Amino acid sequence: MWVAASALILSGCASSPAPEKDHSSRYTLSQDRAPNGNFDASGLVDAKPRYEAPRSAGNKSPYTVWGKQYSVIGSNDGYVQRGIASWYGEKFHGHKTSNGEVFDMYTMTAAHKSLRIPSYARVTNLDNGRSVVVRVNDRGPFHGDRLIDLSYAAAKKLGYQSKGTARVEVAAITVAKDGTMTLAGQPFPGGDDPVPVERVAEQPAPDGSRSAMFVQLGSFSSRSPAESLLGKARDAIADPMRVREVDTASGRFHRVQVGPFSNPDDARKAQTRLENLGFGQTILLTDSH
């Protein structure tokens, strides 16, 4: 496998060990393994999507690994797929990724066979509803039917590092030159806004009143993980909530939403309360979304 990761532009854990210098194209360990000690991933933050100009490094298409041919897609926009995620760590730590960067298993990065690199994606563990945003800068995994390889840190944030693999949903985040983002082809708030709010949420409804607002905890292509996340939210808070099915150009999504709230202040207070309880990746939106 061509390794994956980079500390560039990512906000990692300040106390994490630095990667070794790239010592050769050969790996010093025959088998991959987790780092020694109990690495604390709780302080890691998601990769921060930003516009990066297209590059040729790592995007040769088609390419061949172990006698099998693979292709890189022409555009990541609208990409969303479910499959098996694995992780890689110490064996590849400090070696170059397929686009020439250096893999750091303590940062939020990933390898993918067909997404253009470098790029960004939201990866959701379908068994527990946890999500992370990673920077994709490597090719792989090339074992069996695995969809994506996450850094050890990202796998630990998703809660499957001890199992080795997990069922996940991978949704590409694309960033235009003006900074606007899409998630699987749909508008996605991001950038430097500390409380990402879809601006349409502040617009009056057709009858002159303000639209009801919701705190969205997650969006899934199947209903089962949405119901699982809804159950966790109901165990944590007493606010009303729902799973809303929405048909989009990218398919049907099941959105876990807390609310409604009659004004933005109440919605933001609920969002803060939920994030303090461990529900990350929340966004505010109106009843029309």
Side-chain angles (χ1 to χ4, degrees), residues 1-8 10 12 19-20 22-35 46-47 52 54-76 79-126 132-158 160-161 163-173:
M1 184 186 109
W2 300 333
V3 217
S6 163
L8 300 176
L10 303 185
E20 301 173 5
D22 181 45
H23 36 273
S24 75
S25 60
R26 297 182 181 276
Y27 306 122
T28 56
L29 298 176
S30 60
Q31 297 293 326
D32 198 8
R33 66 189 183 194
D46 286 342
E52 296 188 60
R55 307 179 194 177
S56 58
N59 288 310
K60 178 183 177 181
S61 184
Y63 64 95
T64 302
V65 177
W66 296 336
K68 185 175 181 179
Q69 190 174 88
Y70 301 89
S71 296
V72 178
I73 60 179
S75 172
N76 294 348
Y79 177 94
V80 59
Q81 189 171 342
R82 291 185 295 160
I84 301 299
S86 49
W87 62 264
Y88 58 129
E90 194 168 347
K91 176 180 178 179
F92 305 98
H93 188 65
H95 289 271
K96 287 186 177 180
T97 68
S98 61
N99 71 342
E101 297 172 358
V102 177
F103 176 54
D104 183 349
M105 63 180 168
Y106 298 105
T107 57
M108 305 295 283
T109 57
H112 195 279
K113 292 186 287 288
S114 61
L115 287 174
R116 300 196 67 79
I117 57 175
S119 62
Y120 299 86
R122 186 182 72 183
V123 183
T124 302
N125 186 333
L126 297 176
V132 295
V133 174
V134 295
R135 184 170 183 264
V136 183
N137 67 343
D138 203 8
R139 291 289 169 227
F142 301 109
H143 297 280
D145 59 353
R146 295 176 187 175
L147 176 63
I148 193 168
D149 236 354
L150 299 188
S151 65
Y152 174 79
K156 189 164 186 179
K157 288 282 284 187
L158 285 183
Y160 73 88
Q161 81 286 355
K163 298 179 181 179
T165 60
R167 298 185 310 115
V168 299
E169 180 176 271
V170 178
I173 299 172

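On a predicted model such as this, the values are computed, not experimentally measured, just so you know.
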Starting at CD1 of Ile148, measure out to OG of Ser114 and round the result to the nearest 0.5 Å. 9.5 Å
Check the pair Trp87, Lys163 against side chain to side chain contact (heavy atoms under 4.5 Å, CB included), reporting the backbone distance first and the verdict last. CA-CA 10 Å; Trp87 62 264; Lys163 298 179 181 179; over 6 Å; no
Straight-line distance of Asn76 CG to Ile173 CD1, nearest 0.5 Å: 11.0 Å
Measure the OH-CG distance between Tyr160 and Asn125 for me, rounded to the nearest 0.5 Å. 8.0 Å
Donor-acceptor pair, Lys113 side chain versus Pro141 backbone, under 3.5 Å? yes
Out of curiosity, Arg139 CZ to Tyr70 OH, how far, rounded to the nearest 0.5 Å? 12.0 Å
Tell me, please, which residues at least two apart from Arg82 pass side-chain hydrogen bond (donor to acceptor under 3.5 Å, both in side chains). Ser221, Ser222
Using the test side-chain contact (heavy atoms from CB on, under 4.5 Å), find all partners of Ala154 that sit at least two apart in sequence or belong to another chain. Met108, Val134, Leu150, Ser151
Test item: Asn137 side-chain N/O and Ile117 main-chain N/O as donor-acceptor pair under 3.5 Å: no
Atom OH in Tyr63, atom OG in Ser98: separation rounded to 0.5 Å? 8.0 Å
Nearest 0.5 angstrom please: Leu158 CG to Leu126 CG, how far? 10.0 Å
Please answer whether the main-chain N or O of Gly58 pairs with a side-chain N or O of Asn99 as donor and acceptor at a distance below 3.5 Å. no
Tell me every residue that passes salt bridge (Lys or Arg N to Asp or Glu O under 4.0 Å) with Arg55, counting only those two or more places apart in sequence or in another chain. Glu52, Glu101
For Arg116 and Val72, indicate whether the former's side chain and the latter's backbone hold a donor-acceptor pair under 3.5 Å. no
side-chain contact (heavy atoms from CB on, under 4.5 Å) filter on Thr165, not counting sequence neighbours, yields Ile84, Ser86, Arg146
Pro62: which residues meet the side-chain contact (heavy atoms from CB on, under 4.5 Å) condition with it, sequence neighbours left out? Gln69, Ser71
